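Because the structure is predicted, anything quoted here is derived from the model rather than measured.
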Amino acid sequence: MIRYLARRLLTMAVTLLIISALVFVIIKLPPGDFLTNQIAELRSQGEAASIAKAQFLMQQYGLDRPVWEQYLRWIGLWPNPEGAFNGLIQGNWGWSFEYDRPVREVVGDALWLTLVVNLAVVIFVHLVSIPIAIYSATRQYSIGDYVATFIGYIGLATPSFLLALVMLFYANRWFEVSIGGLYDSAYSGLPWTWEKIRSLLAHLVVPTLVIGLGGTAAMIRRMRANLLDELGKQYVVTARAKGLPPTRALLKYPFRMSLNPFIADIGNLLPHLVSGSVLVSLVLSLPTVGPILLAALKSQDQFLAGFILMFVAMLTVIGMLISDLLLAWLDPRIRLGGDGR
(Lines give C-alpha, C1' and ligand atoms only; values in the text may rest on other atoms or scores of the structure.)
Protein backbone atom coordinates (compact mmCIF):
# COMPACT_ATOMS: atom_id res chain seq x y z
CA MET A 1 0.00 0.00 0.00
CA ILE A 2 2.83 2.42 0.85
CA ARG A 3 4.49 1.79 -2.52
CA TYR A 4 1.17 2.28 -4.27
CA LEU A 5 0.53 5.59 -2.48
CA ALA A 6 4.06 6.76 -3.29
CA ARG A 7 3.53 6.00 -6.99
CA ARG A 8 0.15 7.71 -6.99
CA LEU A 9 1.51 10.82 -5.28
CA LEU A 10 4.30 11.01 -7.87
CA THR A 11 1.75 10.58 -10.66
CA MET A 12 -0.43 13.28 -9.12
CA ALA A 13 2.51 15.69 -9.01
CA VAL A 14 3.36 15.08 -12.67
CA THR A 15 -0.32 15.40 -13.64
CA LEU A 16 -0.66 18.72 -11.83
CA LEU A 17 2.53 19.97 -13.49
CA ILE A 18 1.14 19.16 -16.94
CA ILE A 19 -2.23 20.71 -16.07
CA SER A 20 -0.53 23.87 -14.81
CA ALA A 21 1.27 24.25 -18.15
CA LEU A 22 -1.97 23.79 -20.09
CA VAL A 23 -3.83 26.22 -17.83
CA PHE A 24 -1.15 28.89 -18.20
CA VAL A 25 -0.97 28.53 -21.99
CA ILE A 26 -4.75 28.70 -22.38
CA ILE A 27 -5.00 31.78 -20.17
CA LYS A 28 -2.26 33.46 -22.21
CA LEU A 29 -3.87 32.65 -25.59
CA PRO A 30 -6.12 35.77 -25.78
CA PRO A 31 -4.12 38.82 -26.88
CA GLY A 32 -2.95 41.16 -24.14
CA ASP A 33 -3.41 40.83 -20.40
CA PHE A 34 -4.87 42.82 -17.53
CA LEU A 35 -1.83 45.04 -16.97
CA THR A 36 -1.21 45.68 -20.67
CA ASN A 37 -4.81 46.77 -21.14
CA GLN A 38 -4.66 48.87 -17.98
CA ILE A 39 -1.45 50.62 -19.06
CA ALA A 40 -2.97 51.47 -22.44
CA GLU A 41 -6.04 52.91 -20.71
CA LEU A 42 -3.99 54.89 -18.19
CA ARG A 43 -1.77 56.35 -20.90
CA SER A 44 -4.85 57.65 -22.67
CA GLN A 45 -5.80 59.33 -19.38
CA GLY A 46 -2.27 60.59 -18.64
CA GLU A 47 -1.93 58.98 -15.17
CA ALA A 48 1.84 58.64 -14.85
CA ALA A 49 1.89 57.29 -11.26
CA SER A 50 -0.52 54.44 -12.02
CA ILE A 51 1.39 53.60 -15.19
CA ALA A 52 4.62 53.36 -13.17
CA LYS A 53 2.97 50.97 -10.68
CA ALA A 54 1.57 48.79 -13.46
CA GLN A 55 4.98 48.63 -15.17
CA PHE A 56 6.59 47.70 -11.84
CA LEU A 57 4.15 44.80 -11.44
CA MET A 58 4.88 43.65 -14.98
CA GLN A 59 8.61 43.52 -14.20
CA GLN A 60 8.03 41.99 -10.75
CA TYR A 61 6.00 39.08 -12.14
CA GLY A 62 7.95 38.78 -15.37
CA LEU A 63 5.08 39.67 -17.68
CA ASP A 64 7.60 41.36 -19.97
CA ARG A 65 9.58 38.11 -20.23
CA PRO A 66 9.04 35.10 -22.57
CA VAL A 67 5.99 32.96 -21.85
CA TRP A 68 8.04 29.94 -20.74
CA GLU A 69 9.87 32.07 -18.18
CA GLN A 70 6.58 33.54 -16.93
CA TYR A 71 5.24 30.02 -16.43
CA LEU A 72 8.30 28.74 -14.59
CA ARG A 73 8.30 31.81 -12.35
CA TRP A 74 4.57 31.34 -11.63
CA ILE A 75 4.98 27.75 -10.45
CA GLY A 76 8.20 28.55 -8.59
CA LEU A 77 10.88 26.89 -10.75
CA TRP A 78 12.50 30.16 -11.94
CA PRO A 79 13.90 32.91 -9.70
CA ASN A 80 12.24 36.32 -9.49
CA PRO A 81 14.20 39.58 -9.95
CA GLU A 82 15.46 39.28 -6.36
CA GLY A 83 16.92 35.85 -7.13
CA ALA A 84 14.42 33.94 -4.96
CA PHE A 85 12.10 31.11 -5.96
CA ASN A 86 8.63 32.26 -4.96
CA GLY A 87 5.76 30.57 -6.81
CA LEU A 88 2.95 28.09 -6.32
CA ILE A 89 5.31 25.38 -5.10
CA GLN A 90 6.58 27.71 -2.37
CA GLY A 91 3.03 28.69 -1.36
CA ASN A 92 2.86 32.05 -3.17
CA TRP A 93 -0.47 32.08 -5.03
CA GLY A 94 0.38 35.25 -6.96
CA TRP A 95 -1.05 38.75 -7.20
CA SER A 96 -4.53 39.70 -8.34
CA PHE A 97 -4.15 42.71 -10.63
CA GLU A 98 -7.87 43.46 -10.70
CA TYR A 99 -8.27 43.51 -6.91
CA ASP A 100 -4.72 44.86 -6.35
CA ARG A 101 -4.22 42.33 -3.58
CA PRO A 102 -2.54 38.94 -3.16
CA VAL A 103 -4.60 36.05 -4.51
CA ARG A 104 -4.58 34.50 -1.04
CA GLU A 105 -6.53 37.49 0.30
CA VAL A 106 -8.92 37.61 -2.67
CA VAL A 107 -10.04 33.99 -2.42
CA GLY A 108 -9.89 34.07 1.37
CA ASP A 109 -12.87 32.24 2.85
CA ALA A 110 -14.18 31.41 -0.64
CA LEU A 111 -11.97 28.32 -0.87
CA TRP A 112 -13.16 26.56 2.24
CA LEU A 113 -16.73 27.78 1.79
CA THR A 114 -16.65 26.15 -1.64
CA LEU A 115 -15.49 22.91 -0.02
CA VAL A 116 -18.24 23.16 2.61
CA VAL A 117 -20.93 23.64 -0.05
CA ASN A 118 -19.53 20.78 -2.16
CA LEU A 119 -19.37 18.45 0.84
CA ALA A 120 -22.95 19.31 1.81
CA VAL A 121 -24.12 18.66 -1.77
CA VAL A 122 -22.32 15.30 -1.96
CA ILE A 123 -23.83 14.16 1.35
CA PHE A 124 -27.30 15.36 0.28
CA VAL A 125 -27.10 13.59 -3.10
CA HIS A 126 -26.14 10.25 -1.57
CA LEU A 127 -28.49 10.37 1.42
CA VAL A 128 -31.48 11.13 -0.79
CA SER A 129 -30.77 9.21 -3.98
CA ILE A 130 -29.58 5.86 -2.60
CA PRO A 131 -32.72 5.00 -0.55
CA ILE A 132 -35.00 6.14 -3.39
CA ALA A 133 -33.01 4.12 -5.95
CA ILE A 134 -33.12 0.99 -3.77
CA TYR A 135 -36.88 1.35 -3.28
CA SER A 136 -37.41 1.95 -7.00
CA ALA A 137 -35.26 -1.02 -8.07
CA THR A 138 -36.76 -3.50 -5.63
CA ARG A 139 -40.31 -2.43 -6.55
CA GLN A 140 -39.93 -2.16 -10.29
CA TYR A 141 -43.00 -0.85 -12.18
CA SER A 142 -44.85 -0.07 -8.95
CA ILE A 143 -46.56 3.24 -8.28
CA GLY A 144 -43.61 4.30 -6.13
CA ASP A 145 -41.22 3.44 -8.95
CA TYR A 146 -43.20 5.57 -11.40
CA VAL A 147 -43.31 8.48 -8.92
CA ALA A 148 -39.53 8.27 -8.37
CA THR A 149 -38.97 8.13 -12.12
CA PHE A 150 -41.18 11.17 -12.69
CA ILE A 151 -39.43 13.15 -9.95
CA GLY A 152 -36.07 12.14 -11.43
CA TYR A 153 -37.01 13.42 -14.87
CA ILE A 154 -38.24 16.70 -13.38
CA GLY A 155 -34.95 17.10 -11.53
CA LEU A 156 -32.92 16.41 -14.67
CA ALA A 157 -34.97 18.80 -16.78
CA THR A 158 -34.96 21.74 -14.33
CA PRO A 159 -31.97 24.11 -14.71
CA SER A 160 -30.38 24.81 -11.35
CA PHE A 161 -30.17 28.57 -11.90
CA LEU A 162 -33.89 28.67 -12.79
CA LEU A 163 -34.79 26.80 -9.60
CA ALA A 164 -32.63 29.26 -7.66
CA LEU A 165 -34.47 32.23 -9.20
CA VAL A 166 -37.87 30.67 -8.40
CA MET A 167 -36.91 30.00 -4.79
CA LEU A 168 -35.51 33.52 -4.38
CA PHE A 169 -38.72 35.04 -5.74
CA TYR A 170 -41.19 33.04 -3.67
CA ALA A 171 -39.12 33.19 -0.47
CA ASN A 172 -39.20 36.96 -0.73
CA ARG A 173 -42.87 37.10 -1.77
CA TRP A 174 -44.32 34.62 0.71
CA PHE A 175 -41.97 34.94 3.69
CA GLU A 176 -40.32 38.32 3.01
CA VAL A 177 -36.88 36.82 3.62
CA SER A 178 -33.76 36.70 1.50
CA ILE A 179 -32.26 33.25 1.05
CA GLY A 180 -29.21 34.47 -0.86
CA GLY A 181 -25.67 34.22 0.43
CA LEU A 182 -24.24 31.73 2.89
CA TYR A 183 -24.79 33.81 6.01
CA ASP A 184 -26.60 36.95 7.10
CA SER A 185 -25.18 40.18 5.73
CA ALA A 186 -24.66 41.39 9.31
CA TYR A 187 -21.82 38.85 9.66
CA SER A 188 -20.03 39.93 6.48
CA GLY A 189 -16.39 40.74 7.17
CA LEU A 190 -16.62 39.61 10.80
CA PRO A 191 -14.55 36.77 12.30
CA TRP A 192 -16.15 33.35 12.59
CA THR A 193 -18.20 32.81 15.73
CA TRP A 194 -20.83 30.24 16.72
CA GLU A 195 -23.56 32.68 15.64
CA LYS A 196 -22.00 33.06 12.21
CA ILE A 197 -21.59 29.28 11.89
CA ARG A 198 -25.27 28.78 12.77
CA SER A 199 -26.19 31.34 10.15
CA LEU A 200 -24.02 29.45 7.65
CA LEU A 201 -25.74 26.15 8.42
CA ALA A 202 -29.17 27.74 8.05
CA HIS A 203 -28.32 29.36 4.71
CA LEU A 204 -26.62 26.18 3.46
CA VAL A 205 -29.95 24.39 2.99
CA VAL A 206 -31.07 26.28 -0.13
CA PRO A 207 -27.85 26.08 -2.21
CA THR A 208 -27.45 22.42 -1.24
CA LEU A 209 -30.97 21.68 -2.47
CA VAL A 210 -30.61 23.73 -5.66
CA ILE A 211 -27.17 22.47 -6.67
CA GLY A 212 -27.81 18.88 -5.60
CA LEU A 213 -31.19 18.40 -7.28
CA GLY A 214 -29.81 17.58 -10.72
CA GLY A 215 -27.15 15.25 -9.32
CA THR A 216 -29.71 13.51 -7.11
CA ALA A 217 -32.03 12.87 -10.04
CA ALA A 218 -29.21 11.53 -12.20
CA MET A 219 -27.90 9.28 -9.43
CA ILE A 220 -31.37 7.81 -8.81
CA ARG A 221 -31.68 6.80 -12.45
CA ARG A 222 -28.17 5.34 -12.69
CA MET A 223 -28.32 3.61 -9.31
CA ARG A 224 -31.68 2.04 -10.18
CA ALA A 225 -30.35 0.75 -13.51
CA ASN A 226 -27.17 -0.66 -11.95
CA LEU A 227 -29.05 -2.32 -9.10
CA LEU A 228 -31.59 -3.89 -11.45
CA ASP A 229 -28.73 -5.29 -13.51
CA GLU A 230 -27.08 -6.81 -10.43
CA LEU A 231 -30.35 -8.23 -9.07
CA GLY A 232 -30.85 -10.14 -12.31
CA LYS A 233 -27.50 -11.93 -12.13
CA GLN A 234 -27.12 -15.60 -11.32
CA TYR A 235 -25.38 -15.19 -7.95
CA VAL A 236 -28.36 -13.26 -6.58
CA VAL A 237 -30.80 -15.91 -7.80
CA THR A 238 -28.64 -18.61 -6.20
CA ALA A 239 -28.42 -16.71 -2.91
CA ARG A 240 -32.18 -16.37 -2.75
CA ALA A 241 -32.68 -20.04 -3.65
CA LYS A 242 -30.42 -21.03 -0.74
CA GLY A 243 -32.59 -19.06 1.65
CA LEU A 244 -30.47 -15.96 2.23
CA PRO A 245 -32.66 -13.27 3.86
CA PRO A 246 -33.91 -10.70 1.28
CA THR A 247 -32.28 -7.71 2.99
CA ARG A 248 -28.91 -9.43 3.25
CA ALA A 249 -29.21 -10.76 -0.30
CA LEU A 250 -29.71 -7.17 -1.44
CA LEU A 251 -27.12 -5.34 0.63
CA LYS A 252 -24.36 -7.96 0.83
CA TYR A 253 -23.33 -7.92 -2.83
CA PRO A 254 -25.77 -6.33 -5.36
CA PHE A 255 -25.90 -3.00 -3.55
CA ARG A 256 -22.12 -2.88 -3.06
CA MET A 257 -21.44 -3.77 -6.69
CA SER A 258 -23.90 -1.14 -7.95
CA LEU A 259 -21.98 1.53 -6.02
CA ASN A 260 -18.78 1.03 -8.02
CA PRO A 261 -19.56 3.56 -10.81
CA PHE A 262 -20.42 6.25 -8.27
CA ILE A 263 -17.27 5.69 -6.23
CA ALA A 264 -15.25 5.88 -9.45
CA ASP A 265 -16.95 9.19 -10.31
CA ILE A 266 -15.82 10.99 -7.14
CA GLY A 267 -12.84 12.45 -9.00
CA ASN A 268 -15.16 14.03 -11.56
CA LEU A 269 -17.89 15.00 -9.11
CA LEU A 270 -15.90 17.45 -6.99
CA PRO A 271 -14.66 19.72 -9.81
CA HIS A 272 -18.03 19.44 -11.57
CA LEU A 273 -19.76 20.89 -8.51
CA VAL A 274 -17.41 23.89 -8.65
CA SER A 275 -17.69 24.56 -12.38
CA GLY A 276 -21.34 23.57 -12.69
CA SER A 277 -22.60 25.82 -9.91
CA VAL A 278 -21.22 29.15 -11.17
CA LEU A 279 -24.62 30.43 -12.33
CA VAL A 280 -26.27 29.26 -9.12
CA SER A 281 -23.57 31.02 -7.10
CA LEU A 282 -24.19 34.23 -9.05
CA VAL A 283 -27.97 34.01 -8.61
CA LEU A 284 -27.80 33.18 -4.89
CA SER A 285 -24.82 35.51 -4.24
CA LEU A 286 -22.74 32.66 -2.83
CA PRO A 287 -19.20 33.69 -1.77
CA THR A 288 -17.57 30.72 -3.52
CA VAL A 289 -14.74 30.57 -6.04
CA GLY A 290 -17.04 30.15 -9.05
CA PRO A 291 -18.01 33.83 -9.47
CA ILE A 292 -14.43 34.89 -8.71
CA LEU A 293 -13.14 32.59 -11.45
CA LEU A 294 -15.66 33.93 -13.96
CA ALA A 295 -14.69 37.54 -13.21
CA ALA A 296 -10.97 36.70 -13.37
CA LEU A 297 -11.32 35.06 -16.78
CA LYS A 298 -13.30 37.99 -18.14
CA SER A 299 -10.72 40.54 -16.94
CA GLN A 300 -7.71 38.34 -17.84
CA ASP A 301 -6.49 38.39 -14.25
CA GLN A 302 -4.16 35.50 -15.02
CA PHE A 303 -2.74 34.62 -11.61
CA LEU A 304 -6.13 34.63 -9.90
CA ALA A 305 -7.75 32.56 -12.65
CA GLY A 306 -4.76 30.23 -12.85
CA PHE A 307 -4.76 29.50 -9.13
CA ILE A 308 -8.50 28.74 -9.03
CA LEU A 309 -8.18 26.40 -12.03
CA MET A 310 -5.29 24.66 -10.29
CA PHE A 311 -7.46 24.38 -7.17
CA VAL A 312 -10.11 22.60 -9.26
CA ALA A 313 -7.41 20.35 -10.76
CA MET A 314 -6.20 19.53 -7.25
CA LEU A 315 -9.75 18.50 -6.30
CA THR A 316 -9.80 16.22 -9.36
CA VAL A 317 -6.59 14.32 -8.64
CA ILE A 318 -7.38 14.02 -4.92
CA GLY A 319 -10.87 12.79 -5.77
CA MET A 320 -9.43 10.17 -8.12
CA LEU A 321 -7.09 8.92 -5.38
CA ILE A 322 -9.96 8.71 -2.89
CA SER A 323 -12.15 6.85 -5.39
CA ASP A 324 -9.41 4.28 -6.12
CA LEU A 325 -8.84 3.60 -2.42
CA LEU A 326 -12.58 3.30 -1.74
CA LEU A 327 -13.06 0.95 -4.70
CA ALA A 328 -10.32 -1.33 -3.38
CA TRP A 329 -12.02 -1.38 0.02
CA LEU A 330 -15.56 -1.78 -1.33
CA ASP A 331 -15.05 -4.39 -4.05
CA PRO A 332 -13.06 -7.54 -3.13
CA ARG A 333 -12.42 -8.15 -6.84
CA ILE A 334 -10.23 -5.03 -6.97
CA ARG A 335 -6.73 -5.22 -5.55
CA LEU A 336 -3.91 -2.71 -5.51
CA GLY A 337 -1.48 -4.78 -7.56
CA GLY A 338 1.62 -3.88 -9.51
CA ASP A 339 -0.36 -1.74 -11.95
CA GLY A 340 -1.98 0.24 -9.12
CA ARG A 341 -5.29 -1.67 -9.24
Side-chain angles (χ1 to χ4, degrees), residues 1 4-5 8 11 118-158 160 208-209 211-273 276 315-341:
M1 176 64 74
Y4 168 75
L5 288 177
R8 285 304 304 269
T11 303
N118 287 353
L119 179 62
V121 171
V122 170
I123 294 175
F124 169 78
V125 168
H126 287 76
L127 288 181
V128 174
S129 58
I130 290 178
I132 295 177
I134 293 176
Y135 176 87
S136 182
T138 54
R139 293 166 176 80
Q140 189 179 16
Y141 303 133
S142 65
I143 296 178
D145 183 24
Y146 286 124
V147 171
T149 300
F150 175 76
I151 295 175
Y153 285 143
I154 293 296
L156 288 172
T158 304
S160 297
T208 300
L209 177 62
I211 299 173
L213 181 62
T216 300
M219 187 172 181
I220 290 174
R221 302 305 303 158
R222 292 177 58 196
M223 182 75 180
R224 176 183 180 276
N226 292 342
L227 195 53
L228 284 174
D229 181 63
E230 291 293 330
L231 290 174
K233 291 183 178 179
Q234 190 62 42
Y235 74 89
V236 178
V237 178
T238 304
R240 289 173 175 172
K242 290 186 175 181
L244 194 68
T247 302
R248 188 178 180 186
L250 171 67
L251 299 179
K252 181 67 175 179
Y253 294 111
F255 173 68
R256 291 176 62 186
M257 297 304 102
S258 64
L259 283 177
N260 283 8
F262 303 102
I263 300 299
D265 277 350
I266 290 179
N268 297 323
L269 178 62
L270 295 178
H272 173 73
L273 291 176
L315 289 181
T316 303
V317 296
I318 292 176
M320 295 299 295
L321 176 62
I322 294 174
S323 66
D324 284 347
L325 295 177
L326 289 178
L327 280 174
W329 170 76
L330 183 68
D331 192 340
R333 299 172 299 181
I334 299 176
R335 290 294 180 264
L336 302 177
D339 60 348
R341 302 296 286 175

Minimum heavy-atom separation for [X] and [Y], please, with both atom names.
| X | Y | value |
| --- | --- | --- |
| L228 | A137 | CD2-O, 3.3 Å |
| R221 | T149 | NH1-OG1, 3.1 Å |
| Y141 | Y146 | O-CE1, 3.4 Å |

- Query: Going by heavy atoms in the side chains, are I211 and N118 under 4.5 Å from each other?
  - Reply: no

Identify each donor-acceptor pair in which a side-chain atom of residues 235-251 lies under 3.5 Å from a protein atom, sequence neighbours left out, and give them as a table.
residue	atom	partner	partner atom	Å
Y235	OH	E230	OE1	2.7
T238	OG1	Q234	O	2.9

Output the distance between atom [atom1] ([X]) and atom [atom2] ([Y]), rounded to the nearest 0.5 Å.
| X | Y | atom1 | atom2 | value |
| --- | --- | --- | --- | --- |
| T216 | I151 | OG1 | CD1 | 11.5 Å |
| T208 | L213 | OG1 | CG | 12.0 Å |
| T138 | R224 | OG1 | CZ | 10.0 Å |
| M320 | T316 | CE | OG1 | 9.0 Å |
| Q140 | D145 | CD | CG | 6.5 Å |
| F255 | M223 | CZ | CE | 4.5 Å |

Would you tabulate the side-chain donor-acceptor contacts of residues 123-135 under 3.5 Å, counting partners in other chains and residues two or more places apart, or write 'none'?
residue	atom	partner	partner atom	Å
H126	ND1	V122	O	2.8
S129	OG	V125	O	2.4

- Task: Take L5 and L321, measure what side-chain contact (heavy atoms from CB on, under 4.5 Å) needs, and give me the verdict at the end.
- Result: CA-CA 9 Å; L5 288 177; L321 176 62; 4.3 Å; yes

- Query: Pick from D324, L325, I318: which one makes a side chain to side chain contact (heavy atoms under 4.5 Å, CB included) with I322?
  - Reply: I318

